[in-house]
Amino acid sequence: MRAIITTKYGPPEVLKIKEVEKPQPKEDEVLIKIYATAVTASDLYIRGSSVLPLKYRILMRLFLGITKPRKEINGLVLAGKIEALGKKIQRFKVGDDVYGLTGFGLGAYAEYKCMKEFDSTYGCLSLMPNNISYEDATMISYGGLLAFQYMGKGTINKGDKILIYGASSTTGIIAIQYAKYLGAEITAVCSTANIELVKAFGAHNVLDYTKENTVKNDINFDYMLDAVGKSKTSNLKVSCKKALKKGGTYSSIDDGNLKLDSNQLSHIKELTEAGYIKAYIDKCYSFEEIIQAHTYVESGHKRGGVAIKVLKD
Ligand SMILES: NC(=O)c1ccc[n+]([C@@H]2O[C@H](COP(=O)([O-])OP(=O)(O)OC[C@H]3O[C@@H](n4cnc5c(N)ncnc54)[C@H](OP(=O)(O)O)[C@@H]3O)[C@@H](O)[C@H]2O)c1
């Protein structure tokens with residue numbers, strides 16, 4: 001099978017396509033034929049991108065391999081079809097469309113991947129929403145798990161005023177839709193180019209971090225989600241935090257680790273099939289365009305998700 005391997009840490013050019021052995025499922029694994037994967041912020045960090053400050057890059061190498069990546073095949077997100085089953089598998093059958101994250105197992109930049117059916121640090125898997133493409137599923141799984149996990153840290157009630165900082169990111173776009181589903185009043189923060197996009201997904205009010213430095217004195221929020229992390233900031237972000245109500249909740253996507261949770265993926269599937277959650281794919285690249293895809297995501301300004309088409313039907 002074909003895979004994209006990371007030969008060493010460095011810029012996007014370290015990614016190479018190579019023929020590698022197709023994996024065979026063990027008795028507690030499924031074999032997934034991968035139709036789409038995504039390029040996420042996490043993939044850049046695993047590649048050793050310079051967008052991550054040096055001290056964090058060094059820390060990550062303690063887990064990933066000191067001189068070069070121990071796991072050559074990067075990739076955290078996949079959507080595809082079950083092609084074969086180990087004899088102990090109960091949750092899935094051959095032909096099921098599935099989506100999920102590979103956790104410490106990585107390996108989604110390949111035509112096939114074996115995964116266990118139950119959650120572990122090596123991934124989580126669920127049946128895919130039946131009304132979206134494989135590419136859309138990669139955005140919804142990654143952004144959905146992050147949005148639902150961090151928004152779950154506060155209780156959001158109907159009519160609550162919530163603020164989503166970095167609303168045009170993968171997580172931000174799902175967070176807007178989830179907040180709308182919960183009946184919240186949503187203020188989204190993004191740059192000028194993304195104002196119409198975040199409104200289209202359900203934001204009631206929009207603040208432009210490239211033009212505004214402060215939140216008006218009379219606005220107070222029950223909840224604030226920082227959907228882009230601590231390295232992306234602005235004067236407006238500082239002001240947004242100050243506009244939280246006393247007792248309000250602040251969550252940053254950078255606090256703690258992403259939970260690999262197939263129940264949450266199933267919940268996201270239900271909301272997607274019911275029409276509450278939709279994907280937004282900024283760009284979709286071919287397998288051969290992986291360097292361009294990483295270069296684009298590294299720019300820090302992707303809107304929604306960036307998908308990679310792996311296998312065609
Ligand atoms: N906790 C975990 O385990 C975990 C796992 C994965 C990722 N993360 C975190 O999630 C973060 C987001 O990742 P992602 O892939 O969704 O997004 P991303 O690609 O890092 O962010 C892209 C978006 O950020 C917006 N943006 C850039 N600079 C901004 C600024 N100063 N203020 C507001 N928005 C800004 C861009 O909009 P404009 O073009 O309009 O600026 C763009 O739409 C990462 O930084 C990572 O640290 C955490």
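In each ligand, atom 1 is the first atom listed, and ligand 1 is the first ligand listed. All values derive from a computational prediction rather than experimental measurement.
From the protein, the heavy atom lying nearest to atom 47 (O) of ligand 1 is D254 OD1, 2.6 Å. Looking from atom 40 (O) of ligand 1 to the surrounding protein, the closest heavy atom is S191 OG, 2.4 Å. Scanning the protein for heavy atoms near atom 13 (O) of ligand 1, the closest one is A41 CB, 3.5 Å. The shortest contact between atom 24 (O) of ligand 1 and any protein heavy atom is with V228 CG1, 3.2 Å. From the protein, the heavy atom lying nearest to atom 29 (C) of ligand 1 is Y209 OH, 3.4 Å. Here the heavy atom of the protein found nearest to atom 7 (C) of ligand 1 is Y142 OH, 3.0 Å. Closest to atom 37 (O) of ligand 1 among all protein heavy atoms lies S168 OG, 3.1 Å. When hydrogens are left out, the protein atom nearest atom 28 (N) of ligand 1 is K232 CD, 3.3 Å; that is the closest non-hydrogen contact.
With a 4.0 Å heavy-atom cut-off, ligand 1 is reached by no atom of Y296. Contact annotation: for Y45 versus ligand 1, heavy atoms closer than 4.0 Å belong to the side chain alone. Here V189 has no heavy atoms under 4.0 Å from ligand 1, in either its backbone or its side chain.
Of all atoms in ligand 1, numbered sequentially from 1 with element shown, those under 4.0 Å from a heavy atom of Y150 are 1 (N). Per-residue contacts place N257 under 4.0 angstrom from the following atoms of ligand 1 (heavy atoms of the residue considered): 3 (O). Each of the following atoms of ligand 1 lies closer than 4.0 Å to a heavy atom of Y165: 30 (C), 31 (N), 32 (N), 33 (C). Near N194, meaning under 4.0 Å from one of its heavy atoms, ligand 1 places the atoms 37 (O), 38 (P), 39 (O), 40 (O). Taking every heavy atom of G166 and a limit of under 4.0 angstrom, the matching atoms of ligand 1 come to 34 (N).
Under the 3.5 Å distance criterion, with hydrogens and angles disregarded, no donor-acceptor pair is assigned to the side chains of Y150 and T171.
A cation-pi arrangement, defined by a distance under 6.0 Å to the six-membered ring centre and an angle within 45 degrees of its axis, is present between R61 and Y9.
Summarising the geometry of Y280 relative to R303, their closest heavy-atom pair is OH-NH2, 3.2 Å, with the distance given to 0.1 Å. Between A175 and L225 the shortest heavy-atom distance is CB-CD2, 3.6 Å. Listed here is the closest heavy atom pair of I73 and I5: CG1-CG2, 4.1 Å.
Not one N or O of L146 is nearer than 3.5 Å to an N or O of ligand 1, by distance alone. For the pair S42 and ligand 1, the shortest N or O to N or O distance does not fall below 3.5 Å. On a distance-only criterion, L258 and ligand 1 share at least one N/O pair closer than 3.5 Å. Polar contact check, I253 against ligand 1: a nitrogen or oxygen pair lies under 3.5 Å apart.
Between E288 and R2, at least one side-chain nitrogen of the basic residue sits less than 4.0 Å from a carboxylate oxygen of the acidic one, meeting the salt-bridge criterion. Checked for salt-bridge contact, K230 and D255 meet the test: a charged N lies under 4.0 Å from a carboxylate O.
For the residues D226, T170, L145, T233, the heavy atom positioned nearest atom 16 (O) of ligand 1 is part of T170. Closest heavy-atom approach to atom 42 (C) of ligand 1 within the set Q149, K259, K302: this belongs to K302. Closest heavy-atom approach to atom 36 (C) of ligand 1 within the set G300, G305, S169: this belongs to G300.
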Report the C-alpha separation of K237 and Y209 in whole Å, then their side-chain angles, then the decisive distance to 0.1 Å, and conclude whether the side-chain contact (heavy atoms from CB on, under 4.5 Å) test is met.
-> CA-CA 8 Å; K237 188 171 182 175; Y209 76 90; over 6 Å; no

Kindly determine whether E117 and R91 satisfy salt bridge (Lys or Arg N to Asp or Glu O under 4.0 Å), including the steps that lead there.
-> CA-CA 7 Å; E117 63 176 336; R91 282 179 64 212; 5.2 Å; no

Using the salt bridge (Lys or Arg N to Asp or Glu O under 4.0 Å) rule, take K81 and D96 through it: C-alpha gap first, then chi angles, then the decisive distance, then the call.
-> CA-CA 6 Å; K81 209 178 259 307; D96 281 347; over 6 Å; no

Could you check K116 against D28 for salt bridge (Lys or Arg N to Asp or Glu O under 4.0 Å), going step by step and ending with a plain yes or no?
-> CA-CA 6 Å; K116 295 195 190 302; D28 61 345; 3.0 Å; yes

Given the rule in the salt bridge (Lys or Arg N to Asp or Glu O under 4.0 Å) test, do K22 and E83 qualify, once you have shown the distances and angles that lead to the verdict?
-> CA-CA 12 Å; K22 182 176 168 183; E83 188 174 274; 3.0 Å; yes

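Under a 3.5 Å cut-off, the side chain of D226 and the backbone N or O of G229 do form a donor-acceptor pair. The closest donor-acceptor contact from the side chain of S126 to the backbone of N263 lies at 3.5 Å or more, if one exists at all.
Using a 4.0 Å heavy-atom cutoff, G256 is listed among the residues neighbouring ligand 1. At least one heavy atom of A227 sits less than 4.0 Å from an atom of ligand 1.
Between H267 and Y178, the two ring planes are perpendicular [angle over 60°; tilted spans 30° to 60°].
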